[in-house]
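In each ligand, atom 1 is the first atom listed, and ligand 1 is the first ligand listed.
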Amino acid sequence: MTPYTLTLQGYWRSSASWRVRVALHLKGLDYRYEAVHLVRDGGEHLKDPYLQLNPMGQVPLLRVSGGDLPAGEERLLTQSVAIMDLLDHVAPSPLMFPREPWARARVLQLTEVINSGIQPLQNLSVLRRVGELGGDREAWAAEFIGRGLAALERLCAADASPFLAGDAPTAADACLAPQLYNARRYGLDVGRFPRLRAVEERCAALDAFERARPERQPDAAP
Ligand SMILES: N[C@@H](CCC(=O)N[C@@H](CS)C(=O)NCC(=O)O)C(=O)O
């Protein structure tokens, strides 16, 4: 089998792209990075050719060829949670989603609190629309990030394991680091979330998490 060829189309400050970068680095996978600018000229993600590839007009997108795919075929995958799951097939160690059903469900639960319950409410397109409708974008984002993280803190407070769901980082931890970064961007005092902060610190000590940070990406703006 030939090695997989992976290209990540993302944006330095995109939290969903950041999750995928964490997974790629944890697994030690080489990948090409192609920046899709979310802000310049109204956003490359909302125009062709990118919009043809992802009609949702969002990053990240992973392009995959080689490996167990038929020769010459390239597959495109969007949605960071689906991408992290596919990466468990491409490189099973370490797993982003444990195989044991209860442990897997717990990781998915915590992942979805962020992926479905927080991030979509503070997404660029949603905040733009809140602004157009006369709302306060920053207050809106802070409100929903704060509510979601408070719930996540409660869901995890009784668990003393080093990471959100066990002894090793999973997809849930890959979602947590970028979400706390966004919380700070919108002025939240993350000291309110001691369990989440402790996990974040443990993650930050790992090279994979450090390399995935926005400011380490080639398209990072000063
Ligand atoms: N559920 C999607 C969310 C993707 C997403 O919202 N991406 C953001 C950046 S983090 C985006 O492209 N936003 C562009 C916009 O809202 O216009 C995933 O996990 O991949």
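- Look at Arg128 and you'll find every heavy atom at least 4.0 Å from all atoms of ligand 1.
- Surrounding CG of Asp68 are more than 12 heavy atoms belonging to other residues, nucleotides or ligands, all under 6.0 Å away.
- Annotation for Gln217 and Arg211: closest pair NE2-O, 3.0 Å, computed over non-hydrogen atoms.
- Looking only at protein heavy atoms, the nearest one to atom 16 (O) of ligand 1 is Ser125 N, 2.8 Å.
- Residue contact check: Ser15 has heavy atoms under 4.0 Å from atoms 10 (S) of ligand 1.
- Ser14 OG, 3.5 Å is the protein heavy atom nearest to atom 9 (C) of ligand 1.
- With a 6.0 Å radius and a threshold of 12 heavy atoms from other residues, nucleotides or ligands, Arg128 has its CZ atom above the threshold.
- Heavy-atom contacts of Leu124 reach the following atoms of ligand 1: 15 (C), 16 (O) (cutoff under 4.0 Å).
- Contacts between Val126 and ligand 1 below 4.0 angstrom, taking non-hydrogen atoms only, are absent altogether.
- A salt bridge links Glu143 with Arg147; the closest basic N to acidic carboxylate O contact falls under 4.0 Å.
- Scanning the protein for heavy atoms near atom 17 (O) of ligand 1, the closest one is His45 NE2, 2.8 Å.
- Heavy-atom contacts from other residues, nucleotides or ligands closer than 6.0 Å to CG of Asp30 number 12 or fewer.
- A donor-acceptor pair is defined here as one N or O able to donate and one able to accept, closer than 3.5 Å; no such pair exists between the side chain of Glu74 and the backbone of Ser65.
- Of the protein's non-hydrogen atoms, Ser80 OG, 2.6 Å is the one closest to atom 19 (O) of ligand 1.
- Of the candidates Val20, Asn123, Asn182, Thr111, it is Asn123 that places a heavy atom closest to atom 13 (N) of ligand 1.
- Side-chain atoms of Lys27 do not come within 3.5 Å of backbone N or O of Val90 as any donor-acceptor pair.
- In this structure, Arg19 has a heavy atom closer than 4.0 Å to ligand 1.
- In terms of the side-chain contact (heavy atoms from CB on, under 4.5 Å) criterion, residue partners of Asn54 (sequence neighbours excluded) are, by chain and number, Tyr50, Met56, Gln58, Leu61, Thr78.
- Using a 4.0 Å cut-off between a side-chain N of Lys or Arg and a carboxylate O of Asp or Glu, Arg216 and Glu210 qualify as a salt bridge.
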Which atom pairs, one a donor and one an acceptor, fall under 3.5 Å between side chains of residues 173-184 and the rest of the protein, sequence neighbours left out?
unit_1 : atom_1 : unit_2 : atom_2 : d
Asp173 : OD1    : Leu164 : N      : 2.8
Asp173 : OD2    : Thr170 : N      : 2.9
Asp173 : OD2    : Thr170 : OG1    : 3.4
Gln179 : NE2    : Gln122 : OE1    : 3.2
Tyr181 : OH     : Arg13  : NE     : 3.2
Asn182 : ND2    : Gln122 : OE1    : 3.0
Arg184 : NH1    : Glu200 : OE2    : 3.0
Arg184 : NH2    : Glu200 : OE1    : 2.8
Arg184 : NH2    : Glu200 : OE2    : 3.3

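- With hydrogens left out, the protein atom closest to atom 3 (C) of ligand 1 is Gln58 OE1, 3.6 Å, a heavy atom.
- Atom 1 (N) of ligand 1 has as its closest protein heavy atom Gln79 OE1, 2.7 Å.
- Near Asn115, meaning under 4.0 Å from one of its heavy atoms, ligand 1 places the atoms 1 (N), 19 (O).
- Under 4.0 angstrom from ligand 1, the non-hydrogen atoms of Gln119 all belong to its side chain.
- For Gly43, the closest heavy-atom approach to ligand 1 does not fall below 4.0 Å.
- For atom 7 (N) of ligand 1, the closest heavy atom belonging to the protein is Val59 O, 2.7 Å.
- For ligand 1, the atoms lying closer than 4.0 Å to a non-hydrogen atom of Pro60 are 20 (O).
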Point to revise | Tyr11 vs Leu124, side chain to side chain contact (heavy atoms under 4.5 Å, CB included): CA-CA, chis, key distance, verdict | key: CA-CA 12 Å; Tyr11 182 62; Leu124 183 59; over 6 Å; no

